[in-house]
Amino acid sequence: MNTSLLQFSAPKHQLANQVQTFAPLKQAPLTVPDVPHLQVFVRLRDDGDLDIDSEVMKRVTCLGPETSQKQVFEKTTQGTFQAFFRGLSVLVFSIGATGTGKTYTMIGGKPEDQTMLFYDKRHPTSMQDEISLDGENRGIIPRTFEEIFSQIEQRKEDSLQVSASFVELYMDDAFDLVNDFSVADSVYKSGRESTMSISSFKSSSSSLSQALDERQKLEIRGGTNEQGFFVAGAKEVEISNAAEGKALVRHGVQKRRKRGHKLNQESSRSHAILTIKLFEKYEENGSMKKREISRMTIADLAGNERLNETETGDEGKQESIKINKDLSAFARCIASMAKSGHPISSRDNSLTKLLVGKTVKETKVVSILTFSPQRPDTSTKDFAKNVFCISKPSQDRIKGNNTSFTSSTQSSLSYHNEELLKLNDEMLTALKTEKCERQIDELIIREQVINDMNESMNCLETVLNQESEIKMQEMQEKHNLYRKQMAREISNLKTQLRESQQKYHDLQTNADIVGRKYIEKKEEITRLQSTLKELQENNERIQKQYEHLQQQYNQVQQQNENDNLITERLKSELERQREQYTVLLEQQQQKYEKILATQTQQHDSEKKGLLDKHQSEIEDYNSKITKLQKKLKKNDEYVAQIKEKMEELEQAKAEEEKAKASSSTSFFGKVVNSFFSSSSKSEDLPEEMTEILNCTTFEEINKYKVPLLLAFCKKHGMITKGQSTKKNDLINLILQFNQEPKMVVDLTDDESNQRKRKHDLKEDERLDESPSKKNKMDDAEEVVVVKKKTTKARRKKK
Ligand SMILES: Nc1ncnc2c1ncn2[C@@H]1O[C@H](COP(=O)(O)OP(=O)(O)OP(=O)(O)O)[C@@H](O)[C@H]1O
């Protein structure tokens with residue numbers, strides 16, 4: 001059996017296969033191959049040789065004192081996060097004797113500069129004041145919070161949510177370590193306190209009991225469904241980042257029960273259990289809900305110890321017995337889980353209820369066993385053996401200084417003796433405390449487990465042999481395939497190398513060009529930067545202008561609105577006035593029509609009056625015309641009478657002329673004769689005479705010539721001898737004659753009259769200024785000649 005187990009478990013990377021075998025054989029292999037379902041690590045606190053079972057040694061990973069906290073986290077826990085985010089539960093716990101570094105591993109140690117590398121039994125309290133959750137010595141829990149939130153951030157999934165609860169189990173009772181924790185307060189505090197003082201919660205035996213009384217016990221419930229057991233009423237705090245998670249832990253640790261004893265001044269007397277749950281938020285019927293994806297349980301278990309070693313009082317002894325019982329029950333559970341895939345949780349043990357709830361298929365278990373080689377710790381070694389179902393005693397030695405293992409010479413007999421002695425011790429103590437019944441139960445269970453383990457070991461051996469053969473064949477095939485692939489890849493790589501060399505050459509050629517271009521670009525960038533600066537300044541200016549314009553625009557907008565209001569008002573006013581105007585217009589129109597009618601009436605009456613007046617005037621004129629016509633007719637009759645008289649006179653004259661022809665005739669007679677003789681020749685003369693007869697005004701008569709007028713006057717007897725022959729006198733005579741005509745003809749003429757007549761004639765001609773002046777002069781000369789002849793004739797007669 002030993003041989004087969006060695007083959008199976010030797011190399012560390014084969015632990016995965018080892019764990020698969022713990023699951024029921026008929027079940028399908030696990031689909032998360034990253035880490036084994038059960039990993040066991042041994043952490044050595046300080047240098048020295050550790051005697052340990054060779055079989056156990058083969059199956060564990062040893063972390064020596066030189067291993068840093070970071071390396072411990074990376075090797076033990078980091079590999080489980082993939083499973084955690086894929087829905088598997090994770091259990092990480094540290095177990096070991098008191099003062100071997102469980103709290104240091106899980107929570108953290110003092111800040112780096114205060115690290116105590118060597119445990120000093122004689123001065124156990126020195127420098128144990130603070131634990132750092134942020135420095136290099138921070139443990140698995142703070143690093144877990146960091147990793148979870150880092151992965152959530154990388155995954156960029158807003159739907160994921162984290163919560164945490166922190167409880168302690170003390171003497172099978174559960175207490176909430178964070179019931180009075182508030183994220184807001186604590187994160188603010190953590191900004192100022194990156195370390196926490198453990199001494200703030202240092203308790204003496206008496207004060208611990210008092211504190212226990214004051215704190216509220218919580219019930220552990222469940223266990224019937226998928227949810228498993230849980231601490232009812234424990235506060236579950238929603239955590240948004242690593243800092244909040246650390247604050248929660250800081251708060252809880254300060255409240256955790258501790259007791260000083262000779263091995264550890266700040267010995268944890270309770271199991272601290274931190275449960276981190278991962279939820280997925282989703283929407284259902286319009287409301288947000290969340291479902292649990294997985295949970296990670298990290299437990300810092302209380303240290304087991306030999307009662308005589310710790311030298312505490314009765315209360316301390318009771319605690320130690322309870323702690324040892326819890327740890328052995330827990331070891332059996334893990335062993336059962338490893339063996340059958342199902343944990344056997346002792347239903348009366350709170351620790352197993354809370355830590356081991358699910359099947360091995362659904363859980364990744366990381367056990368960290370802490371040892372201090374300087375002190376013997378058979379309990380933790382037994383725990384390891386129980387986990388790996390190792391019943392045969394075969395001890396190996398782990399060298400603490402270089403972490404190598406040496407074979408042990410201890411026989412199985414001594415192992416059993418030691419085991420028996422220890423059980424006897426415990427039994428005696430239990431009997432003393434009247435709890436022997438439970439011890440008996442435990443012994444029965446232990447026997448049962450041992451029998452089960454023997455059976456399963458036989459099965460396992462057979463199965464492992466078969467599996468290893470198959471695996472070997474598979475490995476061979478894979479190896480051949482791998483070799484072929486490698487050969488292909490090598491030739492590919494060679495080709496790539498050649499190509500790369502060529503590219504390198506080309507690149508170097510290009511490098512010079514690129515270098516030059518780089519300088520040019522750099523200059524251009526400088527230019528562009530200055531341009532950009534200018535543009536930015538411009539931009540700012542434009543921005544200011546824009547803002548100014550915006551303000552103006554707003555003002556104009558405001559003004560516009562006001563204008564619009566005014567326009568509206570004006571429109572309505574205009575409309576009102578237009579209506580008024582229309583009314584007025586209509587009124588005016590009516591008035592105008594009335595006035596027009598009145599004026600038309602007046603005009604018609606005036607017109608009628610004027611017409612009447614004109615008519616009467618026309619009638620007056622007509623009557624005047626009739627009168628004038630009558631007068632004219634009268635004149636015509638008178639002219640006809642004159643003509644008759646003229647004819648008579650002419651006859652008489654002709655006779656007289658005959659009688660006087662040869663006799664001397666007067667000058668005037670001669671003129672008249674000549675005139676008549678000449679006028680007889682003229683056709684117009686009677687007409688002119690008639691015209692003169694009709695003249696009634698001075699001007700009308702004035703236009704005729706003097707001889708004619710003279711002849712006219714002669715003819716109508718208006719002039720007598722010696723009478724003036726001036727034109728004006730002649731005209732006046734004619735005017736008088738025309739108004740009242742009478743026939744006066746005086747043909748006698750003496751010399752004085754003739755002279756006077758000549759003188760008048762000359763005067764008339766001068767005044768007359770007519771174009772016939774010459775003729776008149778001629779007439780005058782003729783008159784003178786006639787006068788001279790007349791004078792001569794008279795003288796002869798005498
Ligand atoms: N690997 C280590 N390197 C340096 N110091 C360590 C280491 N492990 C533990 N210590 C120191 O040893 C002291 C005891 O460690 P710790 O309190 O972690 O032991 P424990 O196993 O939790 O004890 P208990 O079970 O009594 O609570 C602490 O001061 C711690 O800082």
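Along the sequence shown, residues carry numbers from 1. Indexing begins at 1, ligand by ligand and atom by atom, following the structure's order.
The pair Glu74-Lys70 meets the salt-bridge criterion, since a charged nitrogen lies less than 4.0 angstrom from a carboxylate oxygen.
When the heavy atoms of Gly303, Gly99, Gly109 are ranked by distance to atom 20 (P) of ligand 1, first place goes to Gly99. For atom 22 (O) of ligand 1, the candidate residues are Thr100, Thr103, Leu63, Asp46; the nearest heavy-atom contact is made by Thr103.
In this structure, Ala97 counts as a contact residue of ligand 1, since one of its heavy atoms falls inside 4.0 Å of the ligand.
For the side-chain hydrogen bond (donor to acceptor under 3.5 Å, both in side chains) test, residues two or more places apart in sequence or in another chain that qualify with Glu236 are Ser163, Lys277. Remark: Phe93 engages Phe330, Phe383 in a ring-ring contact (aromatic ring centres under 6.0 Å, His included) (not counting sequence neighbours).
In terms of N/O distances under 3.5 Å, ligand 1 is not approached by Asp300.
In this pair, Phe81 and Phe84 present their aromatic rings perpendicular. The plane angle is above 60°, beyond the 30 to 60° band.
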